[in-house]
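Chain A is the first sequence line, chain B the second, and so forth, proteins listed ahead of strands; every chain is numbered from 1.
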Amino acid sequence: MIPDLGKYADTVLSAYGASIVLLVALVWWSLRAARKARIELEKVEDRRNG
Amino acid sequence: MIALLIRDLKLAFRAGGGFGLGLAFFLIVTVLVPFGVGPESALLARIAPGILWLGALLACLLSLDRILALDWEDGSLDLLATSPLPLEGVVSVKALAHWLTTGLPLTLAAPFLGLLLSLPTQGYAWLVVSLALGTPALSVIGTFGAALTVGIKRGGLLLSLLVLPLYVPTLIFGAELARRGAEGLATTTPLLMLAGISFGVIALLPFASALVLRVNLR
Amino acid sequence: MIALLIRDLKLAFRAGGGFGLGLAFFLIVTVLVPFGVGPESALLARIAPGILWLGALLACLLSLDRILALDWEDGSLDLLATSPLPLEGVVSVKALAHWLTTGLPLTLAAPFLGLLLSLPTQGYAWLVVSLALGTPALSVIGTFGAALTVGIKRGGLLLSLLVLPLYVPTLIFGAELARRGAEGLATTTPLLMLAGISFGVIALLPFASALVLRVNLR
Amino acid sequence: MTLKVQDLTITRGGIPVLEGLNFALEPGRALILRGPNGVGKTTLLRTIAGLQPPLSGTVDCPSESFAYAAHSDGLKAMLTVSENLNYWAQVFGQKDINRAVSTFNLDALVDRMAGTLSAGQKRRLGLARLLVTGRPIWVLDEPTVSLDTASVALFADAVRAHLKTGGSALMATHIDLGLEEADVLDVGPFRAKADTVAAGGFDEGFL
Amino acid sequence: MTLKVQDLTITRGGIPVLEGLNFALEPGRALILRGPNGVGKTTLLRTIAGLQPPLSGTVDCPSESFAYAAHSDGLKAMLTVSENLNYWAQVFGQKDINRAVSTFNLDALVDRMAGTLSAGQKRRLGLARLLVTGRPIWVLDEPTVSLDTASVALFADAVRAHLKTGGSALMATHIDLGLEEADVLDVGPFRAKADTVAAGGFDEGFL
Amino acid sequence: MGSIWEYANPVKFNHTAGKVLPWVSIGATATLVIGLIWGFFFTPDDYRQGSTVKIIYLHVPAALMAINVWFMMLVTSLIWLIRRHHVSALAAKAAAPVGVIMTVIALITGAIWGQPMWGTWWAWDPRLTSFLILFLFYLGYIALWEAIDNPDTAADLTAVLCIVGSVFAVLSRYAVNFWNQGLHQGASLSLDKEENVADVFSTPLYICIAGFILLFIALVFLRTRTEIQKRRTKALIARERLG
Ligand code: HEM
Ligand SMILES: Nc1ncnc2c1ncn2[C@@H]1O[C@H](COP(=O)(O)OP(=O)(O)OP(=O)(O)O)[C@@H](O)[C@H]1O
Ligand SMILES: Nc1ncnc2c1ncn2[C@@H]1O[C@H](COP(=O)(O)OP(=O)(O)OP(=O)(O)O)[C@@H](O)[C@H]1O
Ligand SMILES: [Mg+2]
Ligand SMILES: [Mg+2]
């Protein structure tokens with residue numbers, strides 16, 4: 001499945017690996033912060049409305 | 001005692017990140033060196049261990065005045081001196097907190113900065129070892145300096161002036177250890193000396209610091 | 001305005017000598033370099049202009065938080081903001097006082113330290129010229145950084161982090177000028193650039209500093 | 001110079017603390033602000049002195065007419081008493097510090113470093129600074145903290161003299177200053193209510 | 001624990017300021033120090049709390065029995081109210097901060113950063129610290145500065161409660177605390193005379 | 001529709017962001033997956049660089065974004081300073097961490113690529129160096145946001161820092177160029193001069209760039225909304241305190 005990367009396999013794979021890890025971490029972190037902010041806000045809004 | 005440590009760490013993280021910033025300073029000093037001396041990597045490789053040690057030392061130095069001055073200004077130090085904690089313990093904990101927020105992250109970050117200065121491959125391990133052994137001494141000596149200058153308004157530069165000569169032996173042996181490591185030479189002597197300095201300083205200097213602090217509080 | 005300048009200078013001399021200490025730090029950094037990188041004079045001569053510039057920059061940097069933080073803490077800054085002096089003038093005077101107590105002595109002392117690092121003979125004049133042109137820019141940029149971080153408790157390291165990237169162009173052209181001077185190469189371009197940066201910065205940055213300071217005082 | 005405050009709403013840390021304040025301070029008058037801790041007196045004084053912008057409403061007086069004195073006195077520990085005063089006099093374009101020195105009974109201390117004064121002595125020096133500003137409206141935040149009875153009387157005399165020459169004074173304090181001629185304004189009733197905040201501004205999404 | 005002060009002479013900046021002080025403070029009693037600005041009250045309290053040595057005379061009580069509170073409260077702006085109190089509680093080996101919080105009416109503020117409190121609120125927090133020390137003798141330097149009347153009453157109640165449990169309190173203040181049961185000591189008469197100095201010590205050459 | 005400034009209202013912005021976000025996210029995921037898979041699996045090796053050429057699909061888009069995110073922050077900072085629209089300031093705040101990550105990706109992939117190509121992880125090449133400086137600017141910018149409690153003060157200060165920083169970033173770029181001639185490739189999207197080879201690489205590269213841009217837009221919408229909600233929460237809590 002993986003194409004033949006020749007002698008540079010390590011190089012290419014580590015570049016892809018590192019980048020994808022960073023991108024996924026960024027997205028995950030953003031989503032988590034978004035969820036936390038939403039829950040906080042809903043808690044406060046509920047307290048206020050009822 | 002543990003409460004004190006936890007509080008200090010908390011404050012370091014909250015108050016504009018004492019921790020990230022020591023590191024940032026180290027990074028920036030290392031980055032600036034090539035701008036100063038030029039970009040040839042052979043030259044950089046030769047001076048790399050020395051410069052990294054110097055950078056770590058300066059990063060420590062810059063954060064020394066946080067160790068006690070803040071507590072002095074807001075009166076916490078007076079209150080601590082009247083508390084049940086022995087002052088020797090207080091200064092040791094302060095030094096430990098300083099090391100955890102400055103020395104330790106510096107040690108861990110040094111290899112990456114070694115990369116920027118084209119440090120030879122065999123040098124990395126020795127660089128880390130020398131910093132791990134040496135930075136605790138820097139924190140403890142620095143705490144002594146901070147205790148000496150604590151009453152003085154904005155004693156920051158005076159503090160540097162007092163502390164730097166005390167840092168010289170640590171710097172010499174530390175940088176020597178890292179350099180020999182990088183050049184593949186024998187490392188036993190500087191290693192032993194560095195370890196000796198660290199342990200001696202950690203065992204004895206807190207008593208001097210507490211003494212000096214007590215005088216300053218009067 | 002002149003009263004402010006005189007007061008700042010007086011305080012710098014009295015309060016543990018802002019002036020002697022900037023110099024001392026410069027001296028000590030330069031002295032520590034051979035301990036770090038080893039004593040061969042050929043190597044030292046090559047890195048001398050860069051290291052001297054770096055040392056001057058760090059000495060400036062260390063004293064930046066004195067520019068405004070003390071006046072902030074004791075409320076002088078609030079009072080100055082309500083005084084008849086324009087804030088742009090206040091920050092300019094502060095920058096000038098900083099330069100007189102730090103940049104100027106550094107410039108004058110640099111040749112002696114060049115001696116310690118075996119700087120080649122033709123390099124001295126250029127070293128002094130480059131520092132004389134460059135250090136005012138360092139003071140003005142530093143004042144901007146100090147104005148940005150003035151409200152922040154012990155913002156010292158944050159200040160360094162913000163200011164250092166801003167120092168890069170000055171450092172590059174300054175060190176390049178000194179290096180080319182030492183090696184006997186053409187110096188026109190870096191000279192012009194350095195002068196350009198200094199004048200531009202002196203003319204424009206005080207407005208930004210005053211703006212930022214006003215925001216911080218709110 | 002009359003200070004007119006109209007419909008003022010002030011914020012601290014982004015949150016309204018006092019709203020709908022209206023008052024005027026004529027030359028020759030003094031006004032004492034009272035109110036429980038944390039109600040917003042300090043914030044009000046800073047707003048009036050022009051150090052922070054109001055959320056709404058106007059302070060109808062140029063900020064060049066105020067001499068502001070707060071908890072921190074802006075004294076330099078490493079300058080002597082007379083150097084400190086001289087400096088502020090020069091900043092405000094004045095010459096003479098003798099009246100300030102004698103009014104606050106600082107004669108014996110003029111050559112002492114400000115850092116070696118006791119709490120009350122420092123405070124007296126901080127107040128003496130007001131006399132070298134030459135500004136007509138004094139805006140004072142808890143001016144008599146740490147002062148003993150004799151010094152409080154000195155201060156009251158200084159205020160009275162200032163009012164006589166057509167100046168005026170606005171002060172926040174919790175203790176009695178012995179200034180019978182001053183009006184008192186209790187700011188407690190002006191505490192901001194929750195719905196001021198949502199007053200339909202552009203940023204309703206936040207507030 | 002009785003505090004006995006005998007023949008005490010104290011110095012500030014190397015110069016004697018008060019001399020020949022003698023008093024005793026029994027458990028359950030409070031003593032208020034009065035005296036004009038600069039007479040040496042702060043210095044006396046620091047000496048008693050063990051922060052500086054007396055020139056001569058004795059303070060007959062181990063320094064472990066004092067809880068000292070001065071102008072600066074040792075509060076960290078970047079910690080919340082409860083974190084500040086918890087920290088001091090732990091340093092003094094105590095657990096419970098609730099009593100301190102409720103005594104000084106800080107409930108609404110526990111999660112606020114100490115840096116964002118008003119002057120009076122900060123002061124209340126500083127005083128609340130006394131309750132988490134568990135120490136019997138309170139040594140207080142102008143404790144009610146910046147407090148409004150209601151808070152001064154809270155403080156008086158706290159002192160009374162402390163006295164009831166066998167504690168005692170030594171306070172320097174210029175204003176009336178509403179503590180009828182306290183004794184008052186005017187330190188004015190003990191001001192050091194010029195010749196104390198030469199009283200034949202080792203340093204007579206200097207003094 | 002009305003004027004674009006309507007979206008500077010937080011409520012309106014949140015509403016719109018909520019509607020747009022799913023579509024942009026799907027678009028970003030799709031283009032990124034297609035572009036990267038195409039690039040990784042279905043492009044030939046370069047005759048000089050071998051398989052390392054595949055790194056270009058990450059390196060170039062990340063590098064482009066790193067610069068453009070800063071540029072976007074500059075624009076929103078100016079809008080905040082001039083028109084004082086809170087959303088604009090918060091968008092700048094939200095974008096900065098994305099920019100940092102992009103910078104880090106460009107640096108890391110570049111360093112990894114440099115090892116086989118130039119025989120070193122790092123060289124003080126002008127382009128590399130100016131990226132390092134950009135990284136420092138991002139760090140300082142974020143640290144300043146973090147260090148100040150009052151959101152409006154923080155917005156003002158960081159906006160001024162962003163503007164002054166941009167001027168100095170341009171200056172540094174020039175300075176660095178003067179100081180060292182580099183190893184790095186020039187700015188053209190073709191690796192070789194022959195058109196046909198370049199095409200093979202460039203189509204997936206364009207797709208990847210589009211993917212990174214879409215990802216950035218999605219993240220900025222999401223993070224800006226988060227910031228708005230955080231401020232609203234803070235304001236409401238403060239209001240409760242007023243009673
Ligand atoms: C840490 C190291 C590196 C950094 C920070 C870096 C930075 C950049 C930047 C900013 C660009 C965008 C240029 C633009 O379009 O304006 C770029 C493009 C590029 N980089 Fe790097 N680079 C690094 C290392 C490398 C290495 C080692 C190689 C391969 C030998 C490489 C090959 C390329 C190529 C082929 C492009 C596309 C050039 C074009 O626009 O046609 N880079 N890089
Ligand atoms: N940075 C901040 N963020 C949020 N709230 C704040 C901040 N600073 C102060 N406050 C709050 O604003 C209110 C007004 O404070 P202010 O200092 O004006 O009160 P004050 O009337 O002067 O009180 P005091 O009599 O205690 O001096 C207080 O409730 C305080 O807790
Ligand atoms: N460092 C110093 N050197 C010389 N004299 C000093 C120094 N510090 C304080 N003094 C003097 O010592 C005396 C006692 O000061 P202290 O602070 O104890 O007075 P206090 O009674 O607390 O006054 P206050 O009511 O104003 O607080 C004062 O006259 C003061 O001027
Ligand atoms: Mg107040
Ligand atoms: Mg006192």
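Residues B:Ser63 and B:His98 share a closest heavy-atom pair of OG-NE2, 3.0 Å. Closest approach of E:Trp88 and E:Gly74 over heavy atoms only: NE1-O, 3.5 Å. The minimum heavy-atom distance between B:Ser130 and B:Gly174, with the atom names listed, is CB-O, 3.7 Å.
For residues 39-54 of chain E, heavy-atom neighbours of chain B at less than 4.5 Å comprise E:Arg46, E:Ala49, E:Leu51, E:Gln52, E:Pro53, sorted by residue number.
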Q. Is there a side chain to side chain contact (heavy atoms under 4.5 Å, CB included) between E:Val110 and E:Thr80 once you walk through the steps?
A. CA-CA 7 Å; E:Val110 277; E:Thr80 64; over 6 Å; no
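With a 4.5 angstrom heavy-atom cutoff, B:Ile6 does not touch chain E via any of its atoms. Heavy atoms closer than 4.5 Å to chain B are found in the backbone of E:Leu75, but not in its side chain.
Remark: E:Asp107 pairs with E:Val101, E:Ser102, E:Asn105 by the side-chain contact (heavy atoms from CB on, under 4.5 Å) rule, at least two apart or across chains.
One N or O on the side chain of E:Arg112 and one on the backbone of E:Thr116 form a donor-acceptor pair closer than 3.5 Å. Put simply, the side chain of E:Tyr68 never gets that close to the backbone of B:Thr82: no donor and acceptor are under 3.5 Å apart.
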